[in-house]
Amino acid sequence: MDKYEVAEILNEIATLLELKGENPFKTRAYTNGARAIEALTEPLDKIVDEGRLGEIKGFGKALQEKVAALVETGKLEYYDKLKASVPEGLVAMTAIPGLGPKKVVAIHKALGIDSLDALETACKDGQIAPLSGFGKKSETKILEGIEHSRNYASRHHLDEAMLLAEPILDDLRAHPDTIRCSSAGSLRRSKETVHDVDFLVSSREPERIIDWFVHQPEVTSVLAQGDTKASVIIGRKGIQADLRVVSDAEFPSALAYFTGSKEHNIVMRQRAIERGLRLNEYGLFKSKEETRDPELRVNCATEEEIFRELELDYIPPELREDHGEFEAAENHTLPRLLEWTDLKGSLHNHSEWSDGRGTLREIADAMSDLGLSYWAITDHSKSSFQANGLDEKRLRQQIKAIAEVNQQLEDEGVDFRLLSGTEADIHTDGSLDFDDDLLAELDIVVASIHQSFQLEEKQMTERIIKAASNPHVHMIGHLTGRLLLSREAYKVNHQEIIDTCAKTGTWIELNASPYRLDMDWRHWRYAKSKGVKCVINCDAHRFEQAGHLRLGANVARKGWLTKEDVVNTRPLKELWELQVRD
DNA sequence: GCCGTTTTCGGCCCGACTGTTTTCAGTCG
C-alpha cells in the first residue's frame, strides 16, 4: 500500500471515530498522521523497512503499528472492525454542509437512515424537521446540499476561481468604505484546486461592505450573512465565496489567519503560545488568556511584522502548508521564489499543424506582442492521430516553415524566435515516435504519454525512465497525465523518475494548463534537491492560453522554485547553452 | 492517540454563525 492509500485510510479512521463519538483529540491524532504521511519526501515502505516511523512527528506506538501493518500487509484489523461497527453511508453523509458527525448519528439513530438517497427521501417527506435539534431550515439546507453535491463538483480549478475573484477584488478595492483588502484562503496560497474563494476587507463600515457583497449580480444565493461575515454562491458554476470584514488594526492577523493553511496556522498559534503571546484573527496579544484588548495588542501593521514577532522570516502565502516552511523561516533559508514575469517563453505548445489554433506566423506575432522572447512549437507526433499528429514528412516541412518565419522576424528586426520541436509520444515500451536522427534536428523535444494509461506503476515508471534517458529528449511532459477533478493520475514512481532525470540532465515539465498543473507541486522540492530543472509550459492550443504562464509560476512557487530552478526564465542564448549535454 | 527543560497525567487552536433554542450545541474554517 502506498502513502496516499495509507493516508486515506487514516483519514477514514478519523471520520469513523468521530461518528462513534470518540475523544476529538484522538481523532485529530489520526488526521495529523494522515497529513504527515502525505507530506513525506522519501518512500514510505523504506521508512517502514528501516523501522523509522517513530521519527515522524505525532507518531506514537499505535500509529506506528497501524501504518506498518498497512504498508506491509495492506490490511488492518482495527480498521476493518471499526468500519464494520459503523453503518455504511454515514461517512458520505458527513460531506453535506451543515451535517457533522453528531447530526449524522442523530438522524441515523432516530430514523435508521444510512445513505444520501434515504436522507433525501426523508427530507422530502418532512421526517427530519421534527427531530430534536433540527427544523424546517435544516431540511431545506440538507436538500440543497445534496442537490449541490450532485450538480457541482465541490472543488474548482484554480483559474476559474481566479477569474471569478479578481473582478470582485477590484471592486472591493474601489469601494469607498474599504481600507485594505485581499483574497485569502487556498486561492491566495495557489492550491491547484480550491473549494471556495475567500475575501478579507478592513473597514469602519462592515455592514455596508457586507451588504454590497451579498447584492452583487453574480450572487445566486446567500448562505449566511452576519455583522462581520457573509457566505454566498457566485457564478454559473456555483463557487462559494466567503467575505470577512475586520478593523484595519486587525487586518494583518486576519489576513494571516484566513490565508491558512489550517495546519500552518496551528503552528503559528503554538509559536505565539511558546512566547507567552496569543494569536488569533484579531491580533497578536500579550496575554495568555482570550482577549481583544487593544492595550495588550502587539502592534503589527503587516503580516511581515507578525512573522517577525514570532522570530520568523516572511513566509510567502504559497508556502504556508506546514511543509517545512517554519524550519526554513527560522534558519533564514527560505528561497526567493520565482516571479511569473521572470518567464521568457513556453517550450511546449501546439499550432494548427496538429490540434492547436493559429498559423506559425500568427502565433509568433501574438507571443512577441506579449513581450515574450521565444515560443516552441511542439505539435503532436504521428501516434496521436486523434490530435492530427505530424509524421516525419510533415514534421520536416514544419521545421522548414519555422525557419522561414524566424528569417522573416529577423529581417523585420523583431527580437523573438519560434523554436522547432515535437511532443513525441512515448510508446508502451518507452521508445519514442521518431528516430533519433529526426529528433536531433529539433530545438526542443518533449516526451509525453498519451495512451496506455493503465500500466502498473513499475512498467509505467520504466517506460518514462527509458524516454528520459534518450539523449535527444529535453523534458518529460505532464508526468502523470492527471486531469484535475476528472481523471486520476496514472501511477508512477516520482522519486525514481526524478533520480533518473538528475543523472541524465533531463528537465521535468510543470504543465501550466489549469486542468493539469502536473508535475504536482508536492514533488518539486525533491526534484530541486536533486538539481533537476523545471520547465513551466503553457501546453497552449490557443493564443489566450499564454496566460497559463502566470498560473504555472504560481504553482511553481508552491513547489519552492526560484528563477534559477526554472529553465524558461533564461534568455534564448543561455537556453542553448543549457541544452548542451555531456 | 500524542506529548513532556517545571508535567508520564492532563492538556491538546479558537472564534463566528446557524438553527434551534430560551442559553446553547454543532458545524465550519
Side-chain angles (χ1 to χ4, degrees), chain A residues 10 13-14 17-19 21-34 36 53-54 56-67 78 82 93-107 128-142 144-145 154 184-187 189 194-200 206 210 222-232 240-246 250 253-254 256-274 277-285 287-292 322:
Chain A
L10 294 183
I13 290 175
L17 290 173
E18 277 190 311
L19 285 166
E22 259 288 3
N23 175 357
F25 297 105
K26 181 171 169 178
T27 302
R28 192 192 292 172
Y30 281 95
T31 315
N32 289 343
L53 275 176
I56 303 172
K57 199 163 163 270
F59 265 64
K61 191 159 167 281
L63 275 174
Q64 288 177 47
E65 282 175 7
K66 292 188 173 86
V67 169
Y78 172 78
L82 185 63
M93 285 163 67
T94 60
I96 300 294
L99 279 190
K102 296 252 167 54
K103 292 200 164 177
V104 165
V105 168
I107 291 173
I128 300 294
L131 300 182
S132 167
F134 294 84
K136 206 67 209 155
K137 282 216 167 175
S138 318
E139 237 169 39
T140 314
K141 287 204 100 171
I142 291 170
E144 278 175 8
S154 62
S186 50
L187 176 65
R189 300 199 316 278
V194 301
H195 172 252
D196 59 15
V197 173
D198 298 299
F199 299 104
L200 180 71
I210 299 270
V222 179
L223 302 175
Q225 180 178 359
D227 295 339
T228 64
K229 177 180 170 175
S231 287
V232 301
Q240 183 174 332
D242 295 339
L243 169 71
R244 282 294 285 253
V245 188
V246 298
E250 292 162 348
S253 53
Y257 181 81
F258 291 114
T259 297
S261 64
K262 197 173 160 189
E263 292 78 16
H264 172 95
N265 285 351
I266 288 171
V267 179
M268 289 287 278
R269 277 181 196 270
Q270 278 165 351
R271 288 187 73 94
I273 290 167
E274 284 162 18
L277 301 169
R278 192 175 187 90
L279 179 64
N280 57 31
E281 58 260 59
Y282 301 105
L284 183 62
F285 296 96
S287 164
K288 288 185 178 167
E289 309 300 322
E290 197 263 310
T291 181
R292 290 189 204 171
D322 192 19

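Each chain gets a letter, A, B and so on, in the order its sequence line appears, and its residues count up from 1.
Position along DNA chain B of the nearest nucleotide to Lys141(A) versus Thr94(A) favours Lys141(A) as the more 5'-ward residue. Both Leu99(A) and Glu281(A) sit near DNA chain B, but only Glu281(A) has its closest nucleotide nearer the 5' end.
Nucleotides dG26(B) and dT21(B), compared at atom C1', are 13 Å apart to the nearest Å. Between dT18(B) and dT8(B), the two P atoms lie 44 Å apart (nearest whole Å). Nucleotides dA16(B) and dG10(B) place their P atoms 31 Å apart, quoted to the nearest Å. Taking atom C1' on both dT22(B) and dC28(B), the two are 24 Å apart, rounded to the nearest angstrom. Rounded to whole Å, the separation between the P atoms of dT7(B) and dC2(B) comes to 22 Å. Going from the P atom of dT20(B) to that of dG15(B) covers 26 Å, rounded to whole Å.
Not a single side chain to side chain donor-acceptor pair (under 3.5 Å) links Thr27(A) to another residue, sequence neighbours left out. Partners of Lys66(A) according to the side chain to side chain donor-acceptor pair (under 3.5 Å) rule, which considers only residues two or more places apart in sequence or in another chain, are Tyr30(A). Judged as a side chain to side chain donor-acceptor pair (under 3.5 Å), and not counting sequence neighbours, Lys102(A) has no contacts. Considering only residues two or more places apart in sequence or on other chains, Gln64(A) meets the side chain to side chain donor-acceptor pair (under 3.5 Å) condition with none of them.
Contact annotation for Ile96(A): backbone-only contact, meaning every heavy-atom pair under 4.0 Å involves sugar-phosphate atoms and none involves a base. Using a 4.0 Å heavy-atom cutoff across all strands shown, Asp227(A) reaches sugar-phosphate atoms only and no base atom. Within 4.0 Å (heavy atoms only), Tyr30(A) reaches sugar-phosphate atoms of the nucleic acid but no base atom. Heavy atoms of Arg244(A) sit under 4.0 angstrom from primed sugar atoms or phosphate atoms, though from no base atom. Among the atoms of the strands shown, only primed sugar atoms or phosphate atoms (P, OP1, OP2) are found under 4.0 Å from some heavy atom of Thr228(A). At the heavy-atom level, Lys262(A) lies under 4.0 Å from base atoms of the strands shown.
Using a 4.5 Å cut-off on side-chain heavy atoms (C-beta onward), Glu250(A) and Glu281(A) make no contact.
When Watson-Crick and G-U wobble pairs are counted only if both distances are under 3.5 Å, dT8(B) pairs with no nucleotide at all.
Applying the salt bridge (charged side-chain N to carboxylate O under 4.0 Å, His left out) test to every pair with at least one member in residues 256-270 of chain A, sequence neighbours left out, gives these pairs: Arg35(A)-Glu263(A).
Protein chain A touches strand DNA chain B; the 5'-most and 3'-most nucleotides with an atom under 4.0 angstrom of its non-hydrogen atoms are dG1(B) to dG29(B).
Note that OG1 of Thr228(A) is 6.5 Å distant from CD1 of Ile210(A), once rounded to the nearest 0.5 Å.
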